[in-house]
There are 2 protein chains.
Amino acid sequence: MASAKSSARKKSRAPPKAPRADNRLPQILDAAAALFAARGYQAASIRDIVKVAGMLPGSLYYHFANKDELLAAVYGEGVRRISTAVSAAVAKESDPWAGLEAACVAHLESLVAPSPYAKVVISVQPADVPPVAKALIALRDGYEQQFVALISALPLPLHLRDRKSRTTLRMLLLGALNWAPTWYRPSGASPKRIARDFIHLIKAELAP
Amino acid sequence: MASAKSSARKKSRAPPKAPRADNRLPQILDAAAALFAARGYQAASIRDIVKVAGMLPGSLYYHFANKDELLAAVYGEGVRRISTAVSAAVAKESDPWAGLEAACVAHLESLVAPSPYAKVVISVQPADVPPVAKALIALRDGYEQQFVALISALPLPLHLRDRKSRTTLRMLLLGALNWAPTWYRPSGASPKRIARDFIHLIKAELAP
DNA sequence: TTTCAAGGCAAACAGTCGTTTGCTTTGTAT
DNA sequence: ATACAAAGCAAACGACTGTTTGCCTTGAAA
C-alpha cells in the first residue's frame, strides 16, 4: 500500500499485470494490527506476525520494505477506519452540538472496539519510531481536522469565539477521549456514556 | 529499592552492614529513566542503560532481579516526584478551585519537564509490561487520589454534586493533561498556560 | 496452452537481547 | 589492622531480532 513498489509502468511489451486474488497482504495487516495493539510495536516481532498470517518471515518483505513501513500501513488503515466511522456518525446530525457529540461517541467507540486497528493509532507513540514519526503525526493531524471543523461550527458565547479558545476546547476533548482507553473497563460505563458525559459537562454552560 | 533483596536479617553473628557510599544505584535509575523516556521501555536495552551509568550489564542484576523490576522502580520514583510537586503546589492555595488549578499546573509541568522520570509514568503503558502491570497501575491510582480529594472539595452546582459527575470531571481533566505531552511544543503555549486554559474553560460556568 | 510476473518458500546472516555464573575489588565497621 | 559483605567485573549462555538472498510455485493475461 504505502510501500515502495511503484516501479516504471512500460506499455511497450511487458503487460503491467494485475495483483493476484490470493494476495495475503490483508492477512498481514490484520495480524500486525492485532499484535501491535496487544503487545506494542517493539515487542511484536515479524516472526510472530507472519506466523499468524500463515507465512514465513522473508515473505513479508515482498510487501513492505521494513517493519517501520508495515507500522505506517497499519496506522494509516487505523486512521482511515476511525475517520470513516466519525464521518458517518456526524452525517446523521444537523445540530452542531449533536454533531460533535456523535463524533466523540464514534471516536471513542472506535478506540475501545475489539478491532485493533484503531488501538494502534492511540497506543503507538510516533516519537518511538523516528523513521516514520512524521508520517504518523501527519495522518493523525489530518484526521483531527474533522474536529477542527466541528468545533468551529459551534455557537459559543462571545468571550469564547476566538480561535484559541476553540483549540483549547479541542485539545481538552480529544485528550480526554484518547486517554480514556487506559482506564476504560468493559464492565463499566459504555463508550457512548463516557463520551456523552464529557460533552454534557462542557456543553451544559457553553451553549448559548 | 523495590527489588527482591530483603533476605533474612540475622543478628546472631553477621552484622547487617550498611550500603556503601559509592553505591551507583542512583546512576542506574537516572540512566534508565532517561532511556525509557527517550526510546520507550522495550527499545531501551540493558546494555545502553548501564553504559550511561558507567557499568557492565551483569552488574545491574545486583540491584534488580530483572528489567521489569527496574522499570517498576523508575516508575515508582516518577510517581513520587509528580506527587511531591503537586502536593507542594496545592499546599499554597486555600480556595478549592485555585487548589485544583495549582495541582493541574504542577502535574503538567512535571510531565513536560526535562527530567525524564515523570515522562516514564505517562509514556509507558502498564499493559505492555504484564509482569508488573498491576503494580504500575496501583502506583498511578494512588497518586490520582490527590485529585479525587481536590475535586470532592469543589463547590459544584447542585445537579453536579454526585460522585459520578465528579469522577467524570476528574477523567476529563486528567485525560486531557496526560495527553497534552503528545502535542506540546516548547515553542508554543507553556504548561502553565495550557493547564489554566483547561481549568478556566471548565470552571467558568461550573463555579457557583 | 503458453508465458511471466506476482507472490511466497527456505535458509541463512549478522547482530542484539536479557540474564547467569564465578571471581575480584573495595568500603566500612570492628 | 583485619574481616566480611557490598558492589562490580569479565565473560559467556542461548534465544531472538530484522533482514537478505536465491529459488520455486502459481494465478491470470495472452
Side-chain angles (χ1 to χ4, degrees), chain A residues 1 3-29 31-32 35-36 39-72 129-132, chain B residues 1 3-29 31-32 35-36 39-72 129-132:
Chain A
M1 236 161 183
S3 87
K5 352 206 328 296
S6 45
S7 74
R9 295 272 173 184
K10 44 184 68 179
K11 188 189 270 187
S12 53
R13 206 75 316 243
K17 288 293 169 90
R20 319 189 347 188
D22 65 342
N23 192 322
R24 272 183 276 172
L25 194 146
Q27 284 92 319
I28 296 179
L29 287 174
L35 288 170
F36 288 163
R39 308 183 193 171
Y41 172 69
Q42 312 269 6
S45 76
I46 298 283
R47 282 173 176 80
D48 290 341
I49 291 169
V50 296
K51 185 183 292 180
V52 172
M55 321 175 42
L56 292 181
S59 308
L60 185 143
Y61 290 84
Y62 174 77
H63 298 280
F64 299 96
N66 52 51
K67 195 186 176 186
D68 290 342
E69 294 209 11
L70 169 58
L71 171 66
V129 195
V132 291
Chain B
M1 237 159 181
S3 91
K5 354 207 326 295
S6 45
S7 73
R9 296 271 175 186
K10 42 184 70 177
K11 190 190 271 185
S12 52
R13 211 59 334 229
K17 288 290 169 89
R20 325 192 337 191
D22 63 344
N23 192 322
R24 272 184 277 174
L25 194 146
Q27 284 92 320
I28 296 179
L29 287 174
L35 287 171
F36 288 162
R39 307 183 194 171
Y41 173 68
Q42 312 269 5
S45 77
I46 298 283
R47 283 175 174 80
D48 289 342
I49 292 168
V50 297
K51 184 182 293 180
V52 172
M55 320 175 40
L56 293 181
S59 309
L60 185 144
Y61 290 84
Y62 174 78
H63 298 280
F64 299 98
N66 51 52
K67 194 186 176 185
D68 291 342
E69 295 210 10
L70 169 59
L71 171 65
V129 197
V132 292

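Every chain is numbered from 1 and lettered A, B, ... according to where its sequence line falls, protein lines coming before strand lines. None of these values were measured; they are calculated from a predicted model.
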For atom [atom1] of [X] and atom [atom2] of [N], their distance in whole Å:
X: B:E69; N: C:dG18; atom1: CD; atom2: C1'; answer: 14 Å
X: B:R20; N: D:dA6; atom1: CZ; atom2: P; answer: 10 Å
X: B:L60; N: D:dA10; atom1: CG; atom2: P; answer: 16 Å
X: B:M55; N: D:dG8; atom1: CE; atom2: P; answer: 4 Å
X: A:I49; N: D:dT19; atom1: CD1; atom2: C1'; answer: 14 Å
X: A:L35; N: D:dT17; atom1: CG; atom2: P; answer: 11 Å

Between protein and nucleic acid, restricted to nucleotides 19-22 of chain C and to nitrogen or oxygen atoms under 3.5 Å apart, what atom pairs and distances do you find?
unit_1, atom_1, unit_2, atom_2, d
C:dT19, OP2, B:Y61, OH, 2.8
C:dT19, OP2, B:K67, N, 2.9
C:dT19, O5', B:Y61, OH, 3.4

I want to verify a distance call: between [options], whose nearest atom is closest to the [X] side chain?
X: A:R24; options: C:dT26, D:dA10, C:dC9; result: C:dC9
X: A:Y62; options: C:dC9, C:dG7, D:dA7; result: C:dG7
X: A:H63; options: C:dG8, C:dG7, D:dA28; result: C:dG8
X: A:L56; options: C:dC9, C:dG7, D:dG8; result: C:dC9

Open item on the list: Checking B:N66 now: which residues fulfil side chain to side chain contact (heavy atoms under 4.5 Å, CB included) with it, not counting sequence neighbours?
Closed with: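 B:N66: side chain to side chain contact (heavy atoms under 4.5 Å, CB included) contacts with B:D68, B:E69.
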
- [ ] Tell me, please, which residues at least two apart from A:R20 pass side chain to side chain contact (heavy atoms under 4.5 Å, CB included).
- [x]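 Checked A:R20 against side chain to side chain contact (heavy atoms under 4.5 Å, CB included); matches are A:D22.
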
Task: Where B:H63 and B:S59 come nearest, the two heavy atoms and their spacing - done: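 So the two residues come closest at CD2-O, 3.9 Å.
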
Task: Exercise: identify the closest heavy-atom pair between A:A53 and A:A31 - done: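 Answer, listing the atom of A:A53 first, then A:A31: N-CB, 4.1 Å.
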
- [ ] Quick one: label B:A44 by what it contacts on the DNA or RNA (base, sugar-phosphate, nothing), any heavy atom closer than 4.0 Å.
- [x]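 It contacts sugar-phosphate atoms only.
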
Open item on the list: Under 4.0 Å, counting only non-hydrogen atoms across every strand here, what does B:A53 touch: a base, just sugar-phosphate, or nothing?
Closed with: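 Result for B:A53 = nothing.
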
Open item on the list: Within the 4.5 Å heavy-atom criterion, are B:F64 and B:L29 side-chain neighbours or not?
Closed with: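 B:F64 vs B:L29: side chains touch.
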
TODO: Verify the contact: side-chain N or O of A:S45 to OP1 or OP2 of D:dC16, cut-off strictly under 4.0 Å; return yes or no.
DONE: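 No.
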
TODO: List for me each residue that meets side-chain hydrogen bond (donor to acceptor under 3.5 Å, both in side chains) alongside A:S45, sequence neighbours excluded, and say none if there are none.
DONE: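 Checked A:S45 against side-chain hydrogen bond (donor to acceptor under 3.5 Å, both in side chains); matches are A:D48.
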
Task: Residues which pass side-chain hydrogen bond (donor to acceptor under 3.5 Å, both in side chains) with B:R47, listed by chain and number, not counting sequence neighbours - done: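 With neighbours one apart ignored, the set is empty.
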
Open item on the list: On DNA chain C, does the nearest nucleotide to B:A21 precede the nearest nucleotide to B:D48 from the 5' side, or the other way round? Give the residue.
Closed with: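 The residue closer to the strand's 5' end, by nearest nucleotide, is B:D48.
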
